[in-house]
2 protein chains.
Amino acid sequence: MAVLSRLEWSHIEVLLAVAELGSLSAAARRLGVTQPTVGRQIGAIEECFGVELFTRLASGMEPTEAAMALLEPARAMREAANKLELTAAGRSETAGGTVRVTTSVFIAHHVMPPVFARLRRLAPEISLELVASDTTENLLFREADIAVRMFRPRQLDVVTRFIGEVELGLFGAKDYLDRAGRPERGDDLLRYDFVGYDREEQLVQGFRQAGFNVDREFFTTRCDNQATYWELVRAGCGLGFGQASIARADPDLEEVPLGFELPRLPIWLTVPDVIRHRPAIRRVWAVLEADLLAIADGSEQR
Amino acid sequence: MAVLSRLEWSHIEVLLAVAELGSLSAAARRLGVTQPTVGRQIGAIEECFGVELFTRLASGMEPTEAAMALLEPARAMREAANKLELTAAGRSETAGGTVRVTTSVFIAHHVMPPVFARLRRLAPEISLELVASDTTENLLFREADIAVRMFRPRQLDVVTRFIGEVELGLFGAKDYLDRAGRPERGDDLLRYDFVGYDREEQLVQGFRQAGFNVDREFFTTRCDNQATYWELVRAGCGLGFGQASIARADPDLEEVPLGFELPRLPIWLTVPDVIRHRPAIRRVWAVLEADLLAIADGSEQR
DNA sequence: CGCCATCCATAAATTTATGCATACCCAATC
DNA sequence: GATTGGGTATGCATAAATTTATGGATGGCG
C-alpha cells in the first residue's frame with residue numbers, strides 16, 4: 001500500500017538544493033547523500049504534489065515553472081532554519097581550555113590556516129593545537145580532540161558530521177603563463193615548473209597515480225608553509241594546486257586545464273563521543289563547522 | 001558509530017508539536033506517528049544541539065527556556081511550509097466531473113456535512129456524492145472514489161494520508177441541564193434523555209460496550225440528519241454526542257462528564273492508486289484534506 | 001488508600017529508506 | 001564515429017528508522 005504522506009520538511013531542503021544547483025548529483029554532494037537518494041526524494045515530492053517539478057535533461061534537472069513558484073517560500077524556510085540553528089548554538093555555554101585538532105597533512109596545508117586564524121579571533125579564550133598527521137588513530141589514542149578527515153571515519157564511539165567537498169584545481173600566475181605559454185591541447189604539462197611541498201608526499205603520489213613518474217625533485221620550488229606556498233604560485237614560480245573557489249576569485253591567477261581529474265576532497269568532522277559535550281570542544285566544533293561549510297562547495301546557500 | 005548529523009528540518013516540526021501540545025503522545029497523535037518515535041526524535045535534537053529542550057515531568061514535557069527561544073523561528077518555518085504547500089496545491093489543474101466520497105455512517109453524520117457544504121462552495125463545477133456505509137470494500141469495487149476512514153486501510157493499490165483525530169464529547173443544553181439537574185458523581189447517566197440516531201447502531205453499540213444495556217428505544221429523540229440532530233440537542237431535547245472542539249465553543253451547551261472514555265476518531269483519507277491523478281479527484285482530495293485538518297485536533301497550528 | 005488513566009522509557013520485530021554498483025543516455029571532442 | 005565525461009534511472013543487499021508490545025512512575029478521584 002502506498003502512503004501519500006504529508007510533505008516532509010526535509011524534502012523541501014532537497015528541492016531547494018536541486019533547484020539551485022541544477023543537478024541531482026550536485027545537490028547530493030551538498031547534502032552529503034548519494035544521487036539516487038536525492039532522485040527518489042524528488043520523485044516523492046512530485047508524487048505528493050502531483051506536479052512535475054523538473055524536466056530531466058542530459059545536462060541535469062531544469063526546474064519547471066511550478067518548481068520556481070515554490071522557491072521563495074522554500075528559501076524563507078531555510079532562512080528560518082538558519083536562524084533557529086544560530087539561536088540554538090548561542091545557547092551552549094562557553095569555557096576556555098586547550099583543544100587539539102588533527103587533520104591530514106594535506107588539509108592542514110591547504111585548508112586549515114585561515115580557519116585557525118578566524119578561530120583564534122572568534123574564540124581567543126581557547127588554546128589551539130594543530131596536529132598534522134596522516135595517521136587515522138589519533139582520536140582513539142587521544143592525541144587530538146577533533147579530527148578533520150577526508151573520509152568518513154568508521155570507528156565506534158566517535159561522532160561525525162559531513163561538511164561538504166572542496167574542489168581543487170591547478171593554477172598559475174598570469175605573469176608566469178605569459179612567459180611559459182598557455183598549454184595547448186595534448187600538451188605535456190610536465191614541461192612547466194611546479195611548486196611543491198618539501199616533506200609532503202601526497203602531490204608526488206597523485207602525479208604517479210595519474211601516470212606521471214615524478215619524484216620530489218620534480219617540483220622546482222618547494223615550501224611547507226601553505227600561505228607561503230600560495231604566494232610562490234602567485235609570484236610566478238610555477239604552477240600549483242589550491243582550492244578552486246578561492247583561486248578563481250584571484251585576478252592574478254589563471255586556471256590550467258588538467259589532463260586528468262583531481263579528486264574532490266570530502267570533509268568530515270569527527271569527535272570522540274565522550275568529550276564532545278565539553279564546552280570548549282563544542283565551541284571549536286561549531287566554528288570549524290561554520291568555516292568549513294563556507295569553504296566547501298555548495299556553500300552559496302547563505 | 002554515532003553520527004552527529006545536520007539538524008533535519010523534519011525534526012523542527014516535531015519540536016514545535018511537542019512544545020505546543022506539551023506531551024510526546026499528543027504530538028505523536030497530531031503528526032500521525034507513535035509516541036516512541038517522537039521521543040527519540042526529540043532526543044536526537046537535544047543531542048544535536050547539546051541543550052536540554054524539555055524537562056520530563058509525569059504530566060508531560062515542559063519546554064525549557066532554550067526551547068522557547070527556538071519557537072519563533074520554528075513557527076516561521078511552519079508558516080513558510082504552509083505557504084509552499086498552498087502554492088503547490090494551486091498548481092494542480094481543475095476540471096469538472098462527479099466524485100463519490102464514502103465514509104462510515106458515523107463520520108457521515110458527525111463530520112462530513114459542513115465539509116461538503118464548503119466543498120460545494122469551493123468547487124461548484126464538481127458534482128458530489130456521499131456514500132455512507134460501514135463496508136470497507138467500496139474503493140475496491142469502485143463504488144466510491146475517495147474514502148474517509150477511521151482506520152488506516154491496509155489494502156494494496158490505494159494511497160492514504162493521515163489527517164488527525166477528532167475528539168468526541170457528550171453535551172447538553174444549559175436549559176435542559178437546568179431542568180434535569182447536573183449529574184453528581186456516581187450519578188446514573190441513564191436517567192437523562194438522550195438524542196440518538198434512527199437507523200444507525202453505532203451509538204447503541206457504544207453504550208453496550210461501556211456496560212449499559214440499552215436498545216434503540218432508549219434514545220427518546222431520534223433523527224438521522226446530523227445538522228438537525230445537533231439542533232435537537234441545542235434545543236434541550238436531551239444529551240447528545242458531538243465534536244468536542246465545536247461543541248465547547250457553543251455558549252448554549254455544556255459538556256457532561258462521562259463515566260467512560262469516548263474513543264478518539266483518527267481520520268485517514270484514501271484514494272485508489274489508479275485514479276488519484278484525475279484533476280477532479282485531486283481537487284476534492286485537496287479540499288477534504290484542508291477541511292478535515294482544520295477539524296481534527298491539533299489544528300491550532302494555523 | 002487503592003484504582004485507573006496518562007505519561008515516558010525501553011526492547012524486539014518489521015517496515016522503510018539508504019548506499020552501492022551498474023546500466024544507460026546525451027553532448028562535446030578528437 | 002568512437003571516446004570521454006557528466007548526467008539520470010534501477011536492482012539489490014544492508015543499515016536505519018518506525019511500529020508494536022511492554023514496564024515503571026506519577027497524579028487525579030472515588
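Reckoned from all heavy atoms, side chains included, excluding hydrogens, waters and symmetry mates. In the text below, chain A, chain B and the rest are named by the order of the sequence lines, each starting its count at 1.
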Novice: Nearest to the A:Ser23 side chain among C:dA9, D:dG7, D:dT19, which nucleotide is it?
Specialist: D:dG7

Novice: Taking 4.0 angstrom as the limit, do A:Glu13 and A:Arg30 come out as a salt bridge?
Specialist: no

Novice: In whole Å, what is the span from the CG atom of B:Leu57 to the C1' atom of D:dG27?
Specialist: 12 Å

Novice: Would you say B:Glu46's side chain and B:Leu53's backbone share a donor-acceptor pair under 3.5 angstrom?
Specialist: yes

Novice: Does a side-chain N or O from A:Thr34 land closer than 4.0 Å to OP1 or OP2 of C:dT18, or not?
Specialist: no

Novice: Of all the choices, C:dT18, C:dT10, C:dC7, which nucleotide is nearest to the side chain of A:Thr37 once you look at every atom?
Specialist: C:dT18

Novice: Without decimals, in angstroms, what is the distance between A:His11 NE2 and C:dT18 C1'?
Specialist: 12 Å

Novice: Remember a base hit wins even if backbone is also touched, and classify B:Gln41 as base, sugar-phosphate or nothing at under 4.0 Å, heavy atoms.
Specialist: sugar-phosphate

Novice: Between A:Arg248 and A:Glu167, is there a side-chain N and carboxylate O pair less than 4.0 Å apart?
Specialist: yes

Novice: Considering only heavy atoms from C-beta outward, does the side chain of B:Leu177 approach that of B:Tyr192 to under 4.5 Å?
Specialist: yes

Novice: Counting heavy atoms from C-beta on, name the nucleotide in D:dA9, C:dC8, D:dT26 closest to the side chain of B:Ala58.
Specialist: D:dT26

Novice: Taking atom C1' of D:dT19 as reference, at what distance in whole Å does atom CG of B:Leu31 sit?
Specialist: 15 Å

Novice: Select from A:Met61 and A:Arg40 the residue whose nearest nucleotide in DNA chain D is closer to the 5' end of that strand.
Specialist: A:Met61

Novice: Pick base, sugar-phosphate or nothing for A:Ser25, based on heavy-atom distances below 4.0 Å to the nucleic acid.
Specialist: base

Novice: Looking at A:Arg56, I'd like to know whether one of its side-chain N or O atoms comes within less than 4.0 Å of OP1 or OP2 on D:dA9.
Specialist: yes

Novice: Starting at CG of A:Leu21 and ending at P of D:dG6, how long is that distance when rounded to a whole Å?
Specialist: 16 Å

Novice: In whole Å, what is the span from the CD atom of B:Glu62 to the P atom of C:dC7?
Specialist: 16 Å

Novice: Rounded to whole Å, how long is the line connecting atom CD of A:Gln35 with atom P of D:dA9?
Specialist: 7 Å

Novice: Separation of A:Leu24 atom CG from C:dC26 atom P, in whole Å?
Specialist: 17 Å

Novice: Under 4.0 Å, counting only non-hydrogen atoms across every strand here, what does A:Gly39 touch: a base, just sugar-phosphate, or nothing?
Specialist: nothing

Novice: For B:Glu8 and D:dA17, what is the distance between atoms CD and C1' respectively, to the nearest whole Å?
Specialist: 11 Å

Novice: Mind checking the CD1-CD spacing from B:Ile45 to B:Glu8? Nearest 0.5 Å is all I need.
Specialist: 10.0 Å

